[in-house]
Amino acid sequence: MIDAQSSAVLFETALLDRLRQHRTARLTLRLRSDEDVVGLRKQVRERAVVIALSLVDQTKLVTAASELARNTIKYGGGGEVHLESLADGIRNGIGLLFVDAGPGIADIDRALRDGYTTGGGLGLGLGGSKRLVDEFEIDSRPGEGTAVLVVKWKR
């Protein structure tokens with residue numbers, strides 16, 4: 001089993017290569033507890049305000065971040081999130097890469113369908129998060145972990 005930091009390097013290379021040229025700032029936070037989720041929500045909201053995301057888009061991004069952070073803790077055994085400030089010409093955005101070294105997701109397509117759950121919830125987490133953001137990518141490797149990248153751009 002590889003640790004979350006090793007997984008972060010492995011997945012980050014694959015998922016963030018295309019965003020690296022747009023990165024203006026990065027912050028890495030651990031995800032182990034509900035307090036960490038609260039801290040992430042605060043950081044995401046603050047960055048969203050800085051780039052003047054609408055209140056609706058702020059809420060969407062914070063909701064997706066919260067859901068994915070909780071999944072990282074509950075199903076991945078904890079991990080980390082890389083919070084990226086992005087700039088693409090005149091457009092600004094926020095990218096979040098969630099990484100864990102948990103058991104991975106055997107069937108990603110199934111996990112993205114509404115109603116699918118392994119933890120007794122409503123099964124809206126991954127699919128719901130995908131609908132709340134502008135870009136969504138997932139890489140999961142059984143026995144190694146999962147990485148989820150989401151991006152929200154200012155319109």
Side-chain angles (χ1 to χ4, degrees), residues 4-5 7-102 105 108-109 111-117 119 121-140 145-155:
Q5 189 168 16
S7 286
V9 172
L10 176 75
F11 292 127
E12 177 186 5
T13 300
L15 289 177
L16 285 182
D17 273 346
R18 65 181 177 75
L19 293 180
R20 282 200 171 112
Q21 64 186 345
H22 304 300
R23 179 185 306 144
T24 61
R26 174 185 233 182
L27 173 66
T28 300
L29 302 169
R30 70 184 183 131
L31 295 173
R32 302 267 187 270
S33 68
D34 288 339
E35 290 80 22
D36 296 334
V37 176
V38 171
L40 171 64
R41 290 173 59 94
K42 181 178 183 274
Q43 288 289 329
V44 170
R45 176 84 61 196
E46 287 173 1
R47 292 216 182 178
V49 168
V50 166
I51 66 168
L53 279 180
S54 70
L55 185 56
V56 169
D57 283 345
Q58 287 178 40
T59 302
K60 287 179 179 181
L61 183 59
V62 169
T63 300
S66 182
E67 185 63 35
L68 293 170
R70 291 183 195 288
N71 282 359
T72 299
I73 294 167
K74 183 174 183 176
Y75 301 109
E80 59 192 19
V81 59
H82 304 284
L83 175 57
E84 310 271 344
S85 293
L86 306 171
D88 179 14
I90 61 170
R91 181 172 74 156
N92 292 310
I94 299 171
L96 298 161
L97 175 63
F98 297 84
V99 182
D100 68 59
I105 301 169
I108 292 173
D109 290 333
L112 285 168
R113 279 190 229 128
D114 288 348
Y116 176 78
T117 181
L122 296 175
L124 299 173
L126 283 177
S129 294
K130 182 177 181 178
R131 288 188 296 275
L132 293 171
V133 297
D134 299 320
E135 298 176 28
F136 180 96
E137 292 183 49
I138 185 168
D139 186 3
S140 189
T146 299
V148 179
L149 173 67
V150 296
V151 177
K152 190 74 172 164
W153 294 103
K154 173 155 174 39
R155 299 184 199 284

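Within the 4.5 Å cutoff, no side-chain heavy atoms of V81 are placed close to those of V99. Looking only at side-chain heavy atoms (C-beta outward), N71 and E67 come within less than 4.5 Å of each other. You'll find the side chain of L86 stays beyond 4.5 Å of the side chain of N92, heavy atoms only. Looking at T146 and I138, their side chains come closer than 4.5 Å, going by heavy atoms from C-beta outward. In this structure the side chain of L27 never reaches within 4.5 angstrom of the side chain of E84, judged on heavy atoms. Looking at heavy atoms from C-beta onward, W153 lies in side-chain contact with D88 at the 4.5 angstrom threshold. Contact check for R45 versus K42: no side-chain heavy atoms found under the 4.5 Å cut-off. Residues L149 and L96 have side chains not in contact (no heavy-atom distance under 4.5 Å, counting atoms from C-beta outward).
The shortest non-hydrogen separation linking I73 to S33 is CD1-O, 3.4 Å. When all heavy atoms are compared, the tightest approach of S140 to I105 is OG-N, 2.6 Å.
Taken from CD in Q58 to CD1 in I51, the straight-line distance is 9.0 Å, to the nearest 0.5 Å. Interatomic distance, S129 OG to F98 CZ, rounded to the nearest 0.5 Å: 8.0 Å. Rounding to the nearest 0.5 Å gives a distance of 9.5 Å between CG of D100 and CG of L31. With rounding to the nearest 0.5 Å, the separation of CZ in R41 from CG in D36 is 13.5 Å. Atom CD of E135 is separated from atom NZ of K152 by 10.5 Å, given to the nearest 0.5 angstrom.
Proximity of a side-chain donor or acceptor of R32 to a complementary backbone N or O of G79 within less than 3.5 Å is detected. Between the T63 side chain and the T59 main chain, a donor and an acceptor come within less than 3.5 Å of each other.
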Residues T28, L83; criterion side-chain contact (heavy atoms from CB on, under 4.5 Å); working and verdict: CA-CA 6 Å; T28 300; L83 175 57; over 6 Å; no

Stepwise side-chain contact (heavy atoms from CB on, under 4.5 Å) test for V133 and L61: CA-CA 6 Å; V133 297; L61 183 59; 4.3 Å; yes

Derivation of the side-chain contact (heavy atoms from CB on, under 4.5 Å) call for I108 and L112: CA-CA 6 Å; I108 292 173; L112 285 168; 3.9 Å; yes

Intermediate values then yes/no, side-chain contact (heavy atoms from CB on, under 4.5 Å), D134 and V150: CA-CA 7 Å; D134 299 320; V150 296; over 6 Å; no

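Between S85 and R47, the side chains place a donor N or O and an acceptor N or O closer than 3.5 Å (distance only, hydrogens not considered).
Ion pairing between a basic and an acidic side chain is recognised when a charged N comes within 4.0 Å of a carboxylate O; R30 and E80 show no such pairing. We find that D57 and K154 are not joined by a salt bridge, their nearest charged nitrogen and carboxylate oxygen being 4.0 Å or further apart.
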